Amino acid sequence: MTKEIILTGDRPTGKLHIGHYIGSLKNRVEMQNSGKYDTFIMIADQQALTDNARDPEKIKNSLIEVALDYLAVGLDPAKSTIFVQSQIPALAELNLYYLNLVTVSRLERNPTVKAEIAQKNFERSIPAGFFTYPVSQAADITAFKANLVPVGDDQEPMLEQTREIVRSFNSIYGKEVLVEPQGVFPPKGSGRLPGLDGNAKMSKSLGNAIYLADDADTLKKKVMSMYTDPNHIHIEDPGQIEGNMVFTYLDIFDSDKQKVVELKEHYQTGGLGDVKIKRYLNEVLEAKLGPIRERRAEFAKDIPAVYDMLKAGSQKANEVAEQTLAEVRAAIGVNYFD
Ligand code: TRP
């Protein structure tokens with residue numbers, strides 16, 4: 001039986017944080033290690049450039065940070081093909097053919113892109129490449145004939161758009177060339193990890209993130225600054241656990257569930273101080289993040305080796321994408337000289 005094919009990726013616009021870890025990286029490593037899939041992991045530098053065209057340095061620097069984060073959490077180039085979008089020219093050509101199958105009004109309906117346009121205050125000055133990035137994402141996915149795409153909930157519209165393009169393409173050009181992908185989403189309720197400040201989203205722009213690369217002191221400082229219960233002033237006061245980030249994080253990161261139940265009870269009755277629970281959370285996080293940080297530092301000692309890894313992965317990915325492009329060209333009929 002042929003293996004199922006996974007493709008997923010990240011925009012390199014900064015280092016990855018523990019929200020990425022909980023929301024996707026952990027699951028990717030498990031899927032990779034199951035041996036059941038052919039896994040492609042893409043660093044989407046071209047997609048990152050669609051709204052950072054004037055800051056290419058940021059993308060260049062983030063590329064290596066993201067690669068280090070991948071290696072640190074256990075993505076393994078011996079098991080997964082880790083590659084760089086810009087090094088796969090076939091993706092840009094596929095994008096060009098797919099753009100003809102999509103209307104401007106369809107693109108305008110994409111809720112994730114709409115939200116990003118509002119958040120970035122683009123108003124009418126949206127870069128055209130940014131506006132059409134869901135189409136380029138369809139190229140990323142279909143180039144590898146991926147049937148499974150593990151991503152966050154916000155990526156569902158991209159998958160819907162990809163399936164529409166696949167159906168149009170196969171019906172117009174009369175060949176079963178492209179494969180319809182399914183999204184693989186985080187289990188309901190596991191939700192997204194909120195920020196240190198209690199904001200629903202952990203993100204670099206909000207300054208409320210713990211990075212996989214943070215050293216032990218930084219981690220501790222961040223944990224000690226976390227949003228808890230603003231009305232829990234004296235240790236003996238009863239405290240609230242809803243919306244209290246320390247307990248939200250303990251629920252997610254502490255495998256000793258019984259201990260968490262006890263701490264919650266104690267906190268709600270009163271007599272358990274914030275400093276104490278924060279110190280405990282710090283220990284829990286340090287136990288998880290310490291080994292990741294150490295592996296990251298090990299890989300960071302040899303950056304040329306990391307580039308070599310990306311280059312080898314990109315060569316491998318390139319062969320696969322070129323094969324799909326040849327089929328696409330043949331289906332459209334622009335293979336005049338074959
Ligand atoms: N849009 C994704 C993100 O912002 C990154 C991405 C680019 C991607 N191409 C992809 C994800 C293809 C899955 C499949 O995180």
Side-chain angles (χ1 to χ4, degrees), residues 4-17 19-28 31-32 37-52 58-59 62-63 65-67 69-70 75 80-88 90-92 94-95 98 107 110-117 119-120 127 129-166 178-186 192-193 201-205 209 313-314 317 320-321 324:
E4 298 201 275
I5 301 171
I6 290 180
L7 177 117
T8 187
D10 300 279
R11 293 181 196 176
T13 53
K15 291 177 288 199
L16 300 180
H17 53 62
H20 295 116
Y21 180 67
I22 288 301
S24 69
L25 295 172
K26 196 162 164 262
N27 179 42
R28 280 185 213 172
M31 291 180 99
Q32 164 196 276
Y37 311 97
D38 238 341
T39 308
F40 293 89
I41 313 271
M42 181 181 79
I43 306 186
D45 59 339
Q46 288 178 324
Q47 189 176 110
L49 281 165
T50 62
D51 63 333
N52 287 284
K58 174 168 108 182
I59 310 307
S62 302
L63 178 92
E65 300 288 353
V66 169
D69 289 329
Y70 282 174
L75 289 175
S80 297
T81 305
I82 304 174
F83 69 99
V84 183
Q85 188 181 30
S86 61
Q87 306 308 300
I88 317 297
L91 299 178
L94 290 173
N95 180 35
Y98 297 171
L107 286 169
N110 185 310
T112 300
V113 175
K114 252 193 209 168
E116 285 173 306
I117 288 171
Q119 188 208 337
K120 294 172 207 287
F130 181 83
F131 182 60
T132 58
Y133 88 73
V135 180
S136 125
Q137 199 158 328
D140 304 336
I141 295 168
T142 56
F144 299 91
K145 303 201 173 174
N147 50 338
L148 298 177
V149 181
V151 277
D153 294 325
D154 64 334
Q155 298 294 302
E156 172 60 24
M158 313 310 164
L159 282 148
E160 197 48 52
Q161 179 72 80
T162 302
R163 285 190 288 269
E164 285 176 29
I165 290 172
V166 169
L178 302 179
V179 175
E180 278 192 47
Q182 295 304 317
V184 182
F185 300 100
R192 83 174 343 146
L193 187 70
K201 193 177 169 196
M202 175 173 283
S203 89
K204 187 177 62 168
S205 48
S314 298
V320 179
T324 304

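What you are looking at is a predicted structure, and each value in this text was computed from that prediction instead of being measured. Counting starts at 1 for both ligands and their atoms, in listed order.
- The existence of a salt bridge linking Glu65 and Lys204 is excluded, since no basic side-chain nitrogen approaches an acidic carboxylate oxygen closer than 4.0 Å.
- Under the side-chain hydrogen bond (donor to acceptor under 3.5 Å, both in side chains) criterion, Lys145 pairs with Glu327, not counting sequence neighbours.
- Between the side chains of Thr142 and Tyr98, a donor-acceptor pair is found at a separation under 3.5 Å.
- Between atom NE2 of residue His17 and atom CD1 of residue Ile22 there is a gap of 12.0 Å, rounded to the nearest 0.5 Å.
- Near ligand 1, Leu7, Thr8, Gly9, Arg11, Met42, Ala44, Gln47, Gln137, Asp140, Ile141, Val149, Val151, Gln155 each place a heavy atom less than 4.0 angstrom from the ligand.
- Between Asp154 and Lys201, no side-chain nitrogen of the basic residue sits less than 4.0 Å from a carboxylate oxygen of the acidic one, so the salt-bridge criterion is not met.
- Using the six-membered ring where Trp is involved, Phe83 and Phe40 have ring planes that are perpendicular, over 60° apart on the 30 and 60° scheme.
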